[in-house]
Amino acid sequence: MPSARPARLACVTAAAALAVAGLGVPSSSAAGTAVTAPSAGVGLAQAPWAESEGYPRQHVLDEPPADSSDASLRLGLTAYDQIAPLLNDLQRRSQRVSAEVIGQTVTGRELYLVTLTAPESAAESRQQDQMRERILHQPDQAAKDRDLARNYKTPIFINNNIHGNEWEGTDAALRLIEDYATSNDPAVVQTLQQSRIYVVVSMNPDGRHGNTRANASGFDLNRDFITATQPEVVAVRDALVDTQPLVMLDLHGYVNGTLIEPTTPPHGENYEYDLFIKHAYPNGLGMEQAVLDLGFTVEDDGVNPPQIPFRDWAEGWDDWPPIFTPQYAAFHGAVAHTIEVPLRVNNSSYNRPEEELQRRAAINTDIAHAAMESSISYLQEHRGELLADQIEIFRRGVTGADPLEVTDELFPEIGPEDVYLTEYPRAYVIPVGDGQRSAPAAARLVDHLIANGVEVRTTRVPVTLDGQTHPAGSYLVDLHQGKRGLANTILGAGTDISDRVDAMYDISGWSLGLLWGADVATIPQDGRMPRAGSAIEAAAPTGQVTGTGDLLLHLDDPNDLAALNHFARSDVVPEWLDDGTVLIPEEAADQARATAESFGVTLTPAPDGASGTPVGHEFVVAAAAPSTEVWALQEMGFEVREVNATVLNDGFDYSQVDALYVSTSAVSWSSLEDPARNDMTSFLRNGGGFVGRGLHGTDLNAELDLLDVTLERGRSDGNGVVAVDNAETAISAGATPHSFVYSPAWFTELGEDVTVDQHYAGDDVLVSGHWAGTAEEGGQDAAAGQPLIVSGADYDGAAVLFGSEPLFRAHPKGQFALVGRALFWSSLQD
Ligand SMILES: [Zn+2]
């Protein structure tokens, strides 16, 4: 469960309201198939972090039934169902162990957070909470407070098994917990008195059990930290916000020799990197030594010596995007490390003989454990300095101090290639207004900021920026706050770093400010700050009907689509208008008002005499798409049937389907047998819609003889936020001027009947990200002004093609609606 604080509760309530309305939350997570039959209700933790509790917080964990199919067992490791009994036993035996349930997985397994610390009274715990708040909000004062320096229990956070088939962090953590529960070693006793050790035992128990990297929804959780679509990520994010660790470890596998962060450049530009690397490097060296001290060798054990990419590599394993757990944790003041243990036991290696697997897993466990022990020692030895440096991170934020350039004077191993600095604006404004179409997007973004621990206030007076006046009551994110780095990472446009590095590990661009559909204005560094109230706990509810008679719904936001899908399921018959808006007939006024409120959307008076095509039933999409895109379609309230070649060749019933969405090779023309090809062709000829994305969508489009276009592809490693121009068509009119691309593509050689709905901006294509190469090499310049979304309809059917990634990892929420509109549009053409 999330925090019991009012702020979190407010968010939970809003989410619950959406779940009740049956929308906004994909059905898979709303319903949740319980795998672990809950046993008789023993007082389970319902409210971790409750302010009145001291330590230990001994919650008897539900013990799931034994399950011999758990993939961990073949490795000689701990199955998910064995964890709760172990923790319950340790809680019985030791006053140092507190186990809490911080959330549930997609399928309902529980996420355990164990806190190791010496007992504290409720009053002592309250004091710790107050000190933690002071460190963040009054860092100047905290820096001078000797009592705080002496008595604050320095927190370390150890996250394990985020990738389900990278198992051993969990087993090392259980060993650590058992040691600390019972040890009489004076060093351990002292650590427990001076520190708190927080351990997420397994962040991905579904993947642990099922031998998968991803969670049960098919998401890579270690790419989801800035978007936070998944319940596992939400739980760990909330725990990081609440615990504010000084040091953080995230245990992975498998790289031989053991890979130990800090990373290569580029380094995230919103970190106080001088304060990060100052500890990350020596702690990395300490972990390296601890691993070497175990004595494993290449000759006897097949174990290579550790590598520290910051020291040993030039490029390719960077800490640029905030999507990884440690990179995310750094914004909460942690010196954070990814650790990759060495000996591969997953994927094809999982089929090796059991004895060999268990040998490897045992070594990996020892190495993970050594990294944990070494980091705890570092924390203990440097606790004063680590604490002072975390306070300094937040002090720079609160006072608006410039970030410090890390020089070789400060730190001899640093080079100019490591220096990434940002110039912070003074503040961001997220406007609100009467009848505002982007209201649900603004509320979503504000609630997201608050959930991430960013302070948001509301203005008491109108704010005029770049000639535009935003009303009083608009949201204000003052960057003079402890979490300014995270606020700027979420709201800022980001930077085009194509010229600075050659190789990136994952995505290089994101910007919730540009991609989530809300308007975000900037107050420059020397700009005047408006008067504002105190920090708010949640965005104000949205949802408005601004007139009477027939009403109009614009489709700009995922919630707008969810509202439309809700209407279509009910007995209201919305009408699709030619311009891509939707009319809600006057007689449905009561339902219209209720739906506007539960989805937070705006309904305005429809133009006189408007009428269109009725949408009289639930809209069903057959999708051959990655799980992340299916998730995004479900966020828009679509009923999705996942299909692949086997499903279609088995004789798929298209009679309930409205549109086909294809973005992977799971359905290709060559994989379909003749009857399946005929079924698909007649589905499209008889009014079924077609939306394709990227190479696979476009290839199938060509075989189906739909749109006459050619797909051009740019550099396959290019990705980021791009500037786009939208045409005034049903698919893209009024859309936001930014999209996301990965392996960017565009359309050329357009036939006469093809309409361009969106194209890349004519120059300055990439706003932020990494997209290298010249025009001849498929660089950004090759894409300038080129079509990115195209559509058309003829005898063979109606189709829309995307060269962009509007649903990428369910992130660019401001572009989701274009896919939603495309699905409706293509199925409603005659
Ligand atoms: Zn991993």
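As the structure lists them, so they are numbered: ligands from 1, and atoms in each ligand from 1.
Considering just the N/O/S atoms of H163, the one nearest the Zn ion (ligand 1) carries the name ND1. When distances from the Zn ion (ligand 1) to the N, O or S atoms of H252 are compared, ND1 comes out shortest. The atom of E166 nearest to the Zn ion (ligand 1) is OE1, with the search restricted to N, O or S atoms.
With respect to the salt-bridge test (charged N to carboxylate O, under 4.0 angstrom), the residues E355 and R359 do not qualify.
The Zn ion (ligand 1) does not have E340 among its coordinating residues (no N/O/S atom, backbone or side chain, under 2.8 Å).
Judged as a salt bridge (Lys or Arg N to Asp or Glu O under 4.0 Å), and not counting sequence neighbours, the contacts of K813 are E635. With sequence neighbours left out, the salt bridge (Lys or Arg N to Asp or Glu O under 4.0 Å) criterion links E805 to R693.
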(message) Under the criterion ring-ring contact (aromatic ring centres under 6.0 Å, His included), I'd like the reasoning laid out for W317 against F310: C-alpha separation, chi angles, the key distance, then a yes or no.
(response) CA-CA 9 Å; W317 203 55; F310 175 81; over 10 Å; no

